Amino acid sequence: MTVETIKRPSGLTALANPTRFLALVRVLLPIFTAIALVLLAVGLWMGFSVPDDYQQGRTVRIMFIHVPSVWMAMGAYMTMVSGALGVLVWRHPLADVAARAAAPIGAAFTFLGLATGSIWGRPMWGTWWVWDARLTSFLVLLIIYLGLIALWNSIEEPAKSSRMAAIAILIGALNIPIIRFSVEWFTTLHQGPSVVRAGGPSMAPEFLHPLLIMGLAFLFIFLALHLMAMRNEIMRRQIRTLQRKAAQSNRTGASRAEIAQ
Amino acid sequence: MKLIGQKLSVERGEDLIFSDLSFNVSSGEALIIRGPNGAGKSTLLRAIANLLPLLSGELTVEDPDKEFGETEFPQLCHYLGHDNAMKPAMSVGENLVFWQKFAGQPHLDIEEALEMVGLSGLDSVPYAHLSTGQRRRIGIARLLVSYRPVWLLDEPTSGLDTPSQSQFEALMKVHLEDGGLIIAATHIPLDIGTFKELIFDGFVRETAP
Amino acid sequence: MIALLKRDLSLALRSGGGAVTALLFYLAVVVAMPFAIGPNTQLLATIGGATLWIGALLAGLLGLERLFQGDYEDGTLDQMMLMGGPLPAQVFAKCVAHWLVTGLPLTLSVPVFGLFLGMEGVAIQASMATLLVGTPAISFIGAVGAAVTVSLQRGGLLLSVLVLPLCIPVLIFGVGAVRAAVTDPDPFLPPFLLVISLSLFFAVIGPFGAALALRQGND
């Protein structure tokens with residue numbers, strides 16, 4: 001006869017693992033926030049001091065918010081994709097936290113990109129909304145973000161919801177290029193080439209420099225927000241672990257009593 | 001054939017259900033898993049059937065039966081879970097015919113299997129019309145229409161009345177005599193001769209027959 | 001696999017199975033359209049292809065919720081994983097069954113519905129052709145949505161929110177091909193071939209994604 005003890009679910013591993021990460025957050029968060037604020041101040045000042053564009057007038061300045069938002073909207077999805085791979089391949093607990101924390105921020109940047117694009121479009125196209133390829137594909141991206149957040153929230157059990165969301169994120173990632181391509185095909189069929197001025201190397205340096213600085217500022221805003229959101233998510237999980245432990249100690253107490261009878 | 005589990009640990013959600021659990025069962029033997037609700041009996045069965053991933057530990061099959069060759073272990077198993085895996089919209093016969101085709105290795109005819117569980121003549125009745133106990137017996141009949149050497153049974157007697165239970169115990173004995181292997185989780189004592197026991201109650205105890 | 005396909009078909013065709021309901025839903029959508037737009041035959045004919053496609057998309061999503069849910073609830077899914085062989089192949093079989101009872105009947109009913117909408121012969125033919133090759137894409141990509149929401153009590157809405165954005169390309173090229181068939185300078189073939197390639201692409205990633213989700217979601 002062999003006797004072995006069963007280790008009761010301690011939940012301690014779940015608590016202990018992200019502690020080092022939280023310590024790191026305490027160091028990094030103020031630094032990132034400071035960098036973000038400085039870059040934002042410099043970028044905004046430079047952005048507002050550029051001369052008016054010969055075609056678009058002063059509305060061109062919306063670009064300094066619009067384009068970095070769009071970059072971060074895509075960057076957040078990339079963060080979620082790497083998080084999803086982390087969940088499915090390495091099963092790392094922080095990967096899920098990272099993916100989950102990036103989703104609302106990505107959705108917010110996507111919304112910001114859409115809203116600024118629409119405001120920019122009003123003087124340019126004379127209407128708030130056109131079915132332009134970029135706007136349309138970002139609208140689809142927003143729906144995807146919101147769908148994923150809804151999926152996370154609907155599945156009760158955390159480990160399962162993270163795995164299901166990871167699969168949905170990856171399937172979405174495979175489809176985003178296709179959606180982009182089809183939307184471009186759709187818009188060229190309906191209205192001729194896009195009206196939005198493409199950025200790129202042809203841009204004059206006095207526009208390019210503030211744009212890049214704003215891009216960096218948004219990157220650090222994203223990083224700071226992401227760290228904060230991850231910290232909150234970890235705390236939320238710690239609370240849940242404690243609650244579960246409380247429920248469990250109660251339950252085992254009850255079943256011991258049953259055996260005693 | 002001998003199934004050996006070594007130092008198995010399984011996690012479900014965020015909870016570690018059990019760890020470092022070891023056991024072994026050979027052909028002709030039964031292992032009965034006992035313990036209170038929520039102790040991890042079903043989890044162990046599902047892990048053996050590869051329906052849940054093992055966190056650590058190893059499940060190995062020693063000297064497998066020649067007739068099954070290289071078949072993967074889960075393919076050698078019948079698993080009778082809490083649900084009977086039957087469609088209410090189809091008749092009893094249609095359900096069993098489907099499982100026989102799906103699982104392959106036909107063993108008993110549908111009619112014979114129904115007779116074994118004491119429900120002969122019901123094959124054209126819609127499954128939805130059956131009582132809980134009758135449904136469980138159809139679930140048991142599924143184990144008979146296709147042959148699998150290993151039976152993994154989760155509370156197999158739930159919903160059965162005393163005569164049906166002894167009928168099922170007889171079926172289990174026959175399966176063991178034929179060289180089958182049974183792992184069953186139950187909190188009701190089963191009369192199937194000698195068996196090994198694995199008791200979950202904060203400790204794991206393995207008792208030799 | 002064949003047994004699974006046959007069983008799913010026979011379940012779908014029984015009362016309460018959903019195949020007939022999907023067709024009725026399609027009819028209801030197509031019939032509701034003229035009431036929303038007005039009985040202007042010319043306008044209806046122009047947007048006929050779009051109406052048929054939107055109807056097919058919605059009707060296709062309708063039955064997806066139950067694709068794995070019944071099997072999940074009654075323990076059949078456990079048996080599929082235990083002894084059914086490769087799970088993606090089984091998911092593929094279930095998707096084919098789903099298509100045979102939704103996508104295919106909808107496609108075959110196009111000549112009748114097309115007449116309601118006052119569509120020309122060419123447009124009806126083009127709609128049938130694109131729906132024939134395009135509706136499988138909905139079943140295959142929808143399987144992933146069905147698999148990730150399988151444990152949810154009311155997963156149908158969420159499933160639609162997740163799957164609809166992924167179906168947009170199919171819709172764009174499907175309707176585009178129908179339009180190209182009637183308006184002269186636009187070629188019909190490129191969008192048509194794109195619809196086929198989307199169906200093939202989804203036929204690969206759908207079953208694998210869904211099988212992965214079913215395995216990972218099992219507990």
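Lettering follows sequence order; numbering is per chain, from 1. All values reported here derive from a predicted model rather than from experimental measurement. What's counted below: heavy atoms across the whole structure, side chains too, no hydrogens, waters or symmetry copies.
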Could you list which of residues 91-105 of chain B have a heavy atom closer than 4.5 Å to any heavy atom of chain C, in residue-number order? B/Glu94, B/Phe98, B/Trp99, B/Lys101, B/Phe102, B/Ala103
Does [Y] offer a backbone N or O that forms a donor-acceptor pair with the side chain of [X] under 3.5 Å?
X	Y	result
B/Lys196	B/Glu29	no
B/His78	B/Ser146	yes
C/Asp8	C/Lys94	no

For each of C/Ser10, C/Gly85, C/Gly75, tally heavy-atom pairs with chain B at distances under 4.5 Å, and name the one with the top tally. C/Gly75
Does any heavy atom of chain B fall under 4.5 Å from the side chain of C/Gln90, the backbone, both, or neither of them? side chain
Around C/Phe201, counting heavy atoms of other residues, nucleotides and ligands shown, do more than 12 lie under 6.0 Å from its CZ? yes
If you count every heavy atom of other residues, nucleotides or ligands that lies below 6.0 Å from C/Tyr26 atom OH, does the total exceed 12? yes
Relative to the ring of B/Trp151, is the ring of B/His175 parallel (under 30°), tilted (30 to 60°) or perpendicular (over 60°)? parallel
Return each pair, listed once, that meets salt bridge (Lys or Arg N to Asp or Glu O under 4.0 Å) where at least one residue sits in residues 81-93 of chain B; pairs must be two or more places apart or across chains. B/Lys87-C/Asp71, B/Lys87-C/Asp74
